[in-house]
Amino acid sequence: MTSSRAASSATGSIYDLGYRGYEGPRLGRRHAIRALFAHSLKVCYGIGRGGRAKVAPIVLGGFATIPAIVGIGVLALARQLGAPSGVIEDASPIQHATYFGIIATLVMLFCAAQVPEVLGRDQRHSLLSLYFSRALRREDYAIARLAGVVAAILLFVLLPQSIIFVGFVLSAPDVAAEFGKELALVPPILTQGALISVLLGSVSAAIASFTPRRLYATTAIIVILAVVPVVGGVLVRLDAPTLARFVALASPMDILEATNAILFNTTAGSEVISEADLPDFAYFAAAALISAASIAILVRRFRKIAA
Amino acid sequence: MALISLDALTKRYGSITALDGLTLDIEPGIVGLVGSNGAGKSTLLKILLGLLEPTSGRATVFDLDVRTHGTEVRQFVGYMPEHDALPPDSSATDLVAHLAEMSGLPAVAARERTAEVLRHVGLYEERYRAIGGYSAGMRQRVKLAQALVHDPRLLLLDEPTNGLDPAGRDEMLDLVRRTGAEFGMTVVVASHLLGEIERVCDFLVAIEGGKLLRAAPLGSFTERTGVLAVEVEDRAEELAAALVERGLEARAASSHAVLVALNDDRPYDIVRDLLAELGMPLIRLEQRRHSLEDLFRDDPTETAA
């Protein structure tokens, strides 16, 4: 009875209240860029999308965070049981300096899975003409999309680092002293986080912008990020230090491993890096150069693309 | 002040010329942009939006050059593209609200305007469903809604009835007409279907091969009713000559067809009498619907064959 009434009122009457114009503020280009940045960040984590879009970010994010939580739990327990200071901390693989090595593959997979979603979706569904016919420029579109991707990767990398930070401080017998010690590590953590997100974000975005096909983009990103270091490893075995140098400076993952070692004052495990034997600044210069080139390619792509 | 002003606007794609020195002023109102496929309609709209760079010439909208003031112009322009341009996995509400923000509306206003505009296009009940499950008619309405959501001063619609059934066409055209009339918005409707354009517009611009054929109020186009095609077995030239002798505009299109300009009812009687006189068997007598070509030529019989 009630349901049939509801149905008839749902289909039976359309209230024509007339159209009203919009007299409110128009915030223009800057607002559009900010909103597009926020939208890109959300797309990276599947927010506002169906359940399937959330699977990859949740699974990868989970795998990237769980070791930090477990490591901190073990540390807290050990400290509670009165383990001598420093012993458990040094033995645990869960440290600020080593964590990038632990999640490097996950960060790469996150880029390969999510960046094509941000850069390829609008091309796949011919949405670019709807964006470019609005209050932003083609360059703005490219930069806002990239910024969202970079912010998403930064979150991905910094979340476990924050957990480690908080865990170390709160489980310490002398909280104030531990806080001071941890605080000294904040600059390298942030620098490395910025390097990871800008370098991997811009490289992945530039690759993903060239195809509306998700699978192609994902494959290409994995090839560039994961296969190049393997090739480098093989070349090193063949005893070719010049080639090792080249690979170390051309492979984003090798560059990031090297900067991590430099920033946290440890030694990089990769054979390519030890074989290349390059000065510290070379890696930072390579990171800057590759990022800049990728951003230029990305912007150029959206400037030229038909819409 | 003209709302849109084109000055020798030219666009070439390699060796193909899409727009060829188009010079034209468009005043506020509902304007039909007609031309066959490939006449340059979509190219013109895209240049006005800054989606395409003209090869040469100048286009201004609201007295602003679209090349140098693109973002300012586009804040006040709505565009409904010809092709399908909707993500299947978003809802109409999410998509339209997001695009409203891309036009510079604050987030809260974008949501409010989205609800209002979706109601205006008749999509209120379905607005939270994923677009992937929409019919062709609903998809066209979403495209119209996203073009309207920021309350533009100029609305550019590229083939708004594309892919719709007759009932859907009627509804869409009615929506376009109401939008233009009630909101006092200037609407440019590009279409290759003159019959549709006639029903909504008060000004017509016809282009062909990138050149302007004619731009005039709709009334001046409808004065001439069209062309009468007379199909006979043979001797069409003889019939045509006889018709011209009786003071009609007539021309033999082939050996068995004659085209007669139809400005009033007189030609029907004359054709009938002449056929009887000449003893010619009549195969078919047909009043041709307006085709774009015969409307825009000064001599309607010239190209109607």
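Lettering of chains follows the sequences in order, A, B, ..., and the numbering in each one begins at 1. Worth saying up front: this structure is predicted, and the values here are computed from it rather than measured.
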Counting only heavy atoms not in [X], do more than 12 fall under 6.0 Å of its [atom1]?
| X | atom1 | result |
| --- | --- | --- |
| Arg124(A) | CZ | yes |
| Lys42(A) | NZ | no |
| Phe210(A) | CZ | yes |

Relative to chain A, which segment of [X] carries a heavy atom at a distance below 4.5 Å: side chain, backbone, both, or neither?
| X | value |
| --- | --- |
| Leu95(B) | side chain |
| Lys46(B) | side chain |
| Ala107(B) | backbone |

* Asked: chain B contacts: which residues in residues 24-39 of chain A have a non-hydrogen atom closer than 4.5 Å to it?
  ->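 Listed by number: Pro25(A), Arg26(A), Leu27(A), Gly28(A), Arg29(A), His31(A), Ala32(A), Ala35(A), Leu36(A), His39(A).
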* **Top of Arg134(A), Arg52(A), His125(A) for chain B proximity - count of heavy-atom pairs under 4.5 angstrom** =>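 Looking at each option in turn, the highest pair count goes to Arg134(A).
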* Asked: For residues Asp122(A) and Tyr141(A), is any side-chain donor paired with an opposing acceptor at under 3.5 Å?
  ->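 Yes, because at least one side-chain N or O of Asp122(A) sits under 3.5 Å from a partner of the opposite role on Tyr141(A).
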* To do: Please determine, among Leu52(B), Leu156(B), Leu49(B), Thr179(B), the option with the most heavy-atom pairs under 4.5 Å with chain A.
  =>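 Top count of heavy-atom pairs under 4.5 Å with chain A: Leu49(B).
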* In terms of heavy-atom pairs under 4.5 Å with chain A, which of Gly50(B), Pro88(B), Ser90(B), Gly70(B) leads? -> Pro88(B)
* Residue-level contacts of residues 71-81 of chain B with chain A, using a heavy-atom cutoff under 4.5 Å -> Thr71(B), Arg74(B), Gln75(B), Phe76(B), Val77(B), Tyr79(B), Pro81(B)
* Asked: Can Arg12(B) and Asp20(B) be counted as an ion pair, charged N to O under 4.0 angstrom?
  ->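 Here Arg12(B) does not pair with Asp20(B) in a salt bridge, since their nearest N and O are not under 4.0 Å apart.
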* Is Arg58(B) salt-bridged to Asp65(B), cutoff N-O under 4.0 Å? -> yes
Side-chain donor/acceptor pairs under 3.5 Å, residues 298-307 of chain A, sequence neighbours excluded:
from, atom 1, to, atom 2, distance (Å)
Arg301(A), NE, Ser209(A), O, 2.7
Arg301(A), NH2, Gln123(A), OE1, 3.0
Arg301(A), NH2, Ser209(A), O, 3.4
Arg303(A), NE, Glu139(A), OE2, 2.7

* Less than 4.5 Å apart, any side-chain heavy atom of Leu22(B) and any of Leu44(B)? ->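 The answer is yes, as the side chains (C-beta and beyond) meet within the 4.5 Å cut-off.
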* To do: List the steps, then state whether salt bridge (charged side-chain N to carboxylate O under 4.0 Å, His left out) holds for Asp89(B) with Arg121(A).
  => CA-CA 10 Å; Asp89(B) 53 353; Arg121(A) 199 172 94 102; 2.8 Å; yes
Scan the side chains in residues 109-119 of chain A for donor-acceptor partners under 3.5 Å anywhere in the protein, sequence neighbours excluded, and list what turns up.
from, atom 1, to, atom 2, distance (Å)
Gln114(A), NE2, Cys44(A), O, 2.8
Glu117(A), OE1, Arg214(A), NH1, 2.5
Glu117(A), OE2, Arg49(A), NH2, 3.1

* Provide the closest heavy-atom pair for Val200(B) versus Arg177(B) in the form atom of the first, atom of the second, distance. => CG1-CB, 3.9 Å
* **Distance-minimising heavy-atom pair for Ala115(B) and Tyr124(B)** =>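 Closest approach of Ala115(B) to Tyr124(B): O-CE1, 3.4 Å.
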